[in-house]
A.B. asks: 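Handing you a structure now.
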Amino acid sequence: MVFKPLKYIAHNSLSFTSIFYRCKSMKEFKQAHAQLIIKGLPHPPSSLRPIISFSALHPSGDIAYALLIIFRTSTPPTAFLFNTVIRGLARTRHSDSPRNSVLVFYRMVEFDLAPNHFTFTFLFQACANSMAFNLGQQFHCMVIKKSWVIDGFIRNSIIQFYSVCRKLGDAQRVFDESGELDVVSWNSLINGYVKNGDISEALGMFGKMPERNVASWNCLIGGLVRFDRLDDAHRFFVNMPERNLVSWVVMIAGYAQNGMPMEALALFREMQLLDQEPNAAILVSVLSACSQLGALDHGKWVYSYIIKNFIKIDLILSAALIDMYAKCGSINMAIQVFSSSLEKDVSAYTAAISGLAINGRSEEALRLFEQMKGEGITPDSVSYIAVLCACSHMGWVKKGFCYFNSMLDEHGIKPELDHYACMVDLLGRAGMLEEAERFIASMPINPDNVIWGALLGACRTHGNAEMGQRVGNLLIESDQCHDGRYIILSNIYAESNKGDDAEEVRRTMRRRRIKRVPGCSSIEVDGVVHEFVAGDRSHDKTEEIYSVWQEMVREIKNFGYMAETRGVLFDVEEEEKEAVIGYHSEKLALAFGFICTEPGSMLRIVKNIRICNDCHSAIKLVSMVFNRKIAVRDRKRFHHFEGGSCSCMDYW
DNA sequence: TAGTGGCCTG
């Protein structure tokens, strides 16, 4: 190991103290400390303080080292030093931390050092951070029994502790019994109600607060976001007297995590216009919004912002970047970010594996999965979703089952509903419908509608009307509000020439007032995301879009394009059916892309539902005839069209 | 992000 030489040579303990304060990492720090020891210099209290503070509190610190110094040096320890170690343990959200905090606390007592206000605040924090209810309760009893004066900090730590442990009755009692409450007491309790699922109580308390600070508003906004009340959250956000970085994080992350990526980006833009510097947490949410939208230009901008501003790419940010590039269809860039990360954890690997899988590079995905295991990184339940997804996209049934079985056998990971859904998808796509149904029957947990939905989709793909009808009706009755299942069932009927049954399903849908979520495609041009629905005429360039597409159709018809009208329900002439599917949203987005971009450049389209057969074959031909690379991301995966073929090899 | 410290919001 190579150590950088010390910049300053110290000759007495006091000058060492100033060196300790300048250290940037634990490695550097230990090197300086070693010099002090080698020189045989003493550890006066003034030099012990920075030694313990650094080792116990610095992000690269080493709490065991701090304890070793306390116990091994001849200088008698002080309550401050013990408090610092307890504080360090309380902050680390590690499962051992409360137990270790208590052990350190007992050693402190053994040294005849009396705990003080700081000690208890840190101990309650440790218990809260690790949800150690019994332990925290014992400390609460101890404080009362010893008639310890409970100051504002201790009281608030106790309220916070009970709130975090979801013991709202206890938290409320401490709150009610205290004569002197401050804004932090209110915030802790409000947050307790939010985390406990009681948003109305939280709102009520917020209304009654004698004074509020920015954290009070943030607590409430965070609560509303948790309850999917994004509009209410935004109203509070707009009206709050002042905002801090956390306010922006709460709101932007709220949008990004609730499927409102456009709103997340709009708010991020507002933040920039106000010259507010984003932090890594905000950039992670912005990247997630870019992933959802497939907005590669926005994502690239975030990446260059990170580089330009020397923002540290930690494990979370690195996984977010990999995910963004992969979900925007730029898989090579995703792999580049992955390869250049110095540190890789299971999330980074999983983002890369899943990225390769959805981009049709399943072999590499599985190779990377094996490499990850080879590096000694244990896969988690999410990695297995990515792996099963890779198998499913290629129809690798046998391999899929091998991995599925290895989850429990090799890593003790119990398959969850998502994994079973992947397996049903794998069997269903491969046309093994009977096997898929038997697999569902053999599941040790109750199958949910996602699983039956996967089977229903497969019934349509493989034209099994009998099973489709059975599964479709079961699904529709168990969840009457899901529009997609009605559509698939009616399509199954339509495709097996049962027009009356198909129409009946549509009638039921209308009777139950089920609103159909429209198929919607977006394309990003010059950093602006343009959205289209089927038959959309709302765009400024509508006339041009339609005429360009008609021209393109004429062209590809010369190369054998025939409109695939099998799935179109309406009882109309063939020509009209062509018109219905002729303006699917992805086709409009594609035509718009042709208008606005240079010939030969790549086009990226994102669709909210699965691409239909007709669009798939039309775009294949467009890629060949017009010599364009076109990437279409549908609900499940990417289709990379080039030279007349698709990366999915027509298996999707 | 550590300097005799502590409670609330991500």
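Numbered from 1 within each chain, the chains take letters A, B, ... in sequence-line order.
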A.B. asks: Quick one: sort the A/Tyr384 and A/His411 rings into parallel, tilted or perpendicular, breaks at 30° and 60°.
C.D. replies: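 Rings of A/Tyr384 and A/His411: tilted, as their planes differ by 30° to 60°.
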A.B. asks: What nucleotide among B/dG10, B/dG3, B/dT9 has an atom nearest to a side-chain atom of A/Asn191?
C.D. replies: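 Shortest atom-to-atom distance from the side chain points to B/dT9.
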A.B. asks: Round to the nearest Å and state the distance from A/Phe124 atom CZ to B/dG6 atom P.
C.D. replies: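 To the nearest whole Å, that distance equals 18 Å.
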A.B. asks: Among B/dG10, B/dG5, B/dG6, which nucleotide has an atom closest to any side-chain atom of A/Phe122?
C.D. replies: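 Selected nucleotide: B/dG6.
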A.B. asks: Without decimals, in angstroms, what is the distance between A/Lys27 NZ and B/dA2 P?
C.D. replies: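 Rounded to the whole Å, the gap is 21 Å.
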A.B. asks: Of the listed nucleotides (B/dA2, B/dC8, B/dG6), which one gets closest to any side-chain atom of A/Gln160?
C.D. replies: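 Side chain of A/Gln160 sits closest to B/dC8.
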A.B. asks: Can I get a per-line list of side-chain donor-acceptor pairs under 3.5 Å for residues 59-71 of chain A, giving both atom names and the distance, sequence neighbours left out?
C.D. replies:
residue, atom, partner, partner atom, Å
A/Ser60, OG, A/Met26, N, 2.9
A/Ser60, OG, A/His58, ND1, 3.0
A/Asp62, OD1, A/Ala64, N, 3.2
A/Asp62, OD1, A/Tyr65, N, 3.2
A/Asp62, OD2, A/Lys30, NZ, 3.1
A/Tyr65, OH, A/His33, ND1, 2.5

A.B. asks: How many whole angstroms separate atom CZ of A/Phe161 from atom C1' of B/dG6?
C.D. replies: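 Between C1' of B/dG6 and CZ of A/Phe161: 17 Å.
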A.B. asks: Contact list please: residues 52-60 of chain A against DNA chain B, heavy atoms, distance less than 4.0 Å, in numerical order.
C.D. replies: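 Only A/Phe54, A/Leu57, A/His58, A/Pro59 qualify.
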A.B. asks: Using salt bridge (charged side-chain N to carboxylate O under 4.0 Å, His left out) as the criterion, list what pairs up with A/Arg635, not counting sequence neighbours.
C.D. replies: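 If we apply the salt bridge (charged side-chain N to carboxylate O under 4.0 Å, His left out) test to A/Arg635, skipping adjacent residues, there are no hits.
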A.B. asks: Of the nucleotides B/dG10, B/dG5, B/dC7, which has the atom closest to the A/Lys195 side chain?
C.D. replies: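 Among B/dG10, B/dG5, B/dC7, the one nearest the side chain of A/Lys195 is B/dG10.
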A.B. asks: Enumerate the residues from residues 251-278 of chain A whose closest heavy atom to DNA chain B is under 4.0 Å, giving them by residue number; use none for an empty result.
C.D. replies: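 Heavy-atom cutoff 4.0 Å gives no residues at all.
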A.B. asks: In whole angstrom, what separates A/Asp151's CG from B/dC7's P?
C.D. replies: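 Value for this atom pair: 12 Å.
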A.B. asks: If you check the A/Phe153 side chain, which of B/dG5, B/dG6, B/dC8 turns out closest?
C.D. replies: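 Closest of the options to the side chain of A/Phe153: B/dG6.
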A.B. asks: Would you tabulate the side-chain donor-acceptor contacts of residues 267-289 of chain A under 3.5 Å, counting partners in other chains and residues two or more places apart, or write 'none'?
C.D. replies:
residue, atom, partner, partner atom, Å
A/Asn279, OD1, A/Ala281, N, 3.3
A/Asn279, OD1, A/Ile282, N, 3.0
A/Ser288, OG, A/Gln292, NE2, 3.1

A.B. asks: Scan for ring pair (Phe, Tyr, Trp, His ring centres under 6.0 Å) pairs involving residues 215-235 of chain A, sequence neighbours excluded, and state none if there are none.
C.D. replies: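 Qualifying pairs, neighbours excluded: A/Phe206-A/Trp217.
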A.B. asks: From the set B/dG5, B/dA2, B/dT9, return the single nucleotide nearest to any side-chain atom of A/Phe118.
C.D. replies: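 Nearest to the side-chain atoms of A/Phe118, counting from C-beta on, is B/dG5.
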